[in-house]
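Note sheet for the following structure.
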Amino acid sequence: MTFPVIGVVGGGQLARMMAPAATALGFELRVLAEGEDVSAVSAVPTSPVGDYKDLDALLEFSRGLDVMTFDHEHVPNDHLRALQEAGVNVQPGPDALVHAQDKLVMRAAIDRLELPNPAWASVADVEALVAFGEKTGWPVVLKTPRGGYDGKGVRMVGSAEEAADTADWFAAMTPLLAEAKVEFSRELSALVARTPDGESRAWPVVHTIQVDGVCDEVIAPAQDIPLEVAAAAEDAAIRIANELGVTGVMAVELFETPGVGSGFLINELAMRPHNTGHWTQDGSVTSQFEQHLRAVLNLPLGATDVLGQVVVMKNFLGGENQDLFSAYPLAMASEPAAKIHCYGKAVRPGRKIGHVNLVGAAASDVDSVRQRATTVANIIRDGRAPARTAPGNSEETV
Ligand code: ADP
């Protein structure tokens, strides 16, 4: 037996964070990178540059791989089929991945599985959008079915008048997905992994906090979630994985809707390690990155128990500080238990450049763990200690 070679298409931070897991297990990781300077290149010695939209580049990259997997969901489905026909072991395969590539296909599948969807419709033009809004009530959420991420490709439409302004979106892509705006109490994420042979495991459902459409913070497990809601959400995620033939890690993003239906509605699917699973790196027996590699290689899955009582993941986005390392002494000294993960990306405003994980020993610690993780993340983002507002409202630096 020789150790397997895993190829990851896409060189973002997700591919980068698979590297430590591959190294620990003795696997060889290779990355098809978008450029010399993307996040994974400095962590993965074999990172040829190539275009994931070019079938020849994908075929070339597939040589010598035991399995091909992904950092993102944007590889054209036809290319995935062609790779399979050429004998490449593609995980997840195109029939599963299409549900993470196309939100209209995903909504139809969730209906078919009789799992909880918000009201939705495929809308071909402004008139159809207005008809949907008149039926379900305004506001309506309009989405591009393909290519959206971090809230790009999502737009609130408040009224029939506002719908007229969406003609540019219909000109660029049609049909679009219209959804009723969900009144949710929290956003949740159910993370699971599944192997080609059908073994699956779930992590506990987590609470995710989005700011401007970008995941900002995750609290694991979701605090005070009714047991039956958490169990139903985990079951739904496992069922989706089984029914759609998902392999590797999948995140099911959910809206919590207390007292309505089963207590949640499904937002969207991601078929790869996910920002809402970064807490597992330091807060679970098996990290999502190790689990993804085990799953796509059809190996037995690792335990998903939580370490400690509560785990907080806090992202940091590009801010004032260009020299992240200069802030490390202060950040590390402020919280010795914090685990800092930096993606090796150039700092640009609003760009995800790293995150902090912090494990709390008692569930009652949640507020303090959140605050401490946030302090570390803010120090790195700003390059200085956070200013706090002291009693009497005078600004004081701590
Ligand atoms: P992306 O693919 O960019 O992550 P999402 O479909 O997850 O897009 O939408 C981004 C954010 O927009 C969600 O995290 C949520 O806060 C909000 N959102 C999306 N759909 C709805 C909806 N139907 N009702 C209310 N809020 C929504």
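A quick note: this is a predicted structure, and the numbers were derived from the prediction, not measured. Atoms within each ligand, like the ligands themselves, are counted from 1 in listed order.
Proximity of atom 11 (C) of ligand 1 to the protein is not indicated, since no non-hydrogen protein atom lies closer than 4.0 angstrom.
Hydrophobic clustering places V9 together with L83 (ILVMFWY residues linked when any side-chain heavy atoms are closer than 4.5 Å, directly or through intermediates).
V141 CG2, 3.6 Å is the protein heavy atom nearest to atom 22 (C) of ligand 1. Among protein heavy atoms, the minimum distance from atom 3 (O) of ligand 1 is reached at G151 N, 2.5 Å. Of all protein heavy atoms, the one closest to atom 27 (C) of ligand 1 is F255 CZ, 3.6 Å. Atom 9 (O) of ligand 1 has its closest protein heavy atom at V154 CG2, 3.6 Å. Scanning the protein for heavy atoms near atom 1 (P) of ligand 1, the closest one is E268 OE2, 3.3 Å.
For D212, the CG atom is loosely surrounded, since the number of other residues' heavy atoms within 6.0 Å does not exceed 12.
Short contacts between ligand 1 and A180, defined as distances under 4.0 Å to a heavy atom of the residue, involve ligand atoms 22 (C), 23 (N), 24 (N). In the vicinity of F184, heavy-atom distances shorter than 4.0 Å reach the ligand 1 atoms 25 (C), 26 (N). Counting atoms of ligand 1 from 1 in the listed order, those under 4.0 Å from a heavy atom of E253 are 7 (O).
Not a single heavy atom of E183 sits closer than 4.0 Å to an atom of ligand 1.
Nearest-heavy-atom check against atom 13 (C) of ligand 1 across Q210, K152, E187 picks out E187. Of all the listed residues (K143, K181, E73, K103), K103 holds the heavy atom that lies closest to atom 2 (O) of ligand 1.
The aromatic ring centroids of F289 and H278 lie less than 6.0 Å from each other.
With no hydrogens or angles considered, a side-chain donor-acceptor pair links E253 and H274 at under 3.5 Å. In summary, the side chains of Q13 and S39 do not present any donor paired with an acceptor at a separation below 3.5 Å, with no hydrogens or angles considered.
Ring planes of F3 and F27: tilted class, angle from 30 to 60°. Relative orientation of the H74 and Y52 rings is tilted, given thresholds of 30° and 60° on the angle between their planes. Relative ring orientation between F255 and F184 is described as parallel, the plane-to-plane angle staying below 30° on a 0-90° scale split at 30° and 60°.
Checked by distance only, ligand 1 and V182 come closer than 3.5 Å through their nitrogen or oxygen atoms. For E179, a nitrogen or oxygen atom sits less than 3.5 Å from a nitrogen or oxygen atom of ligand 1, counting backbone and side chain alike.
The ring-ring contact (aromatic ring centres under 6.0 Å, His included) check on F61 picks up nothing, with sequence neighbours excluded.
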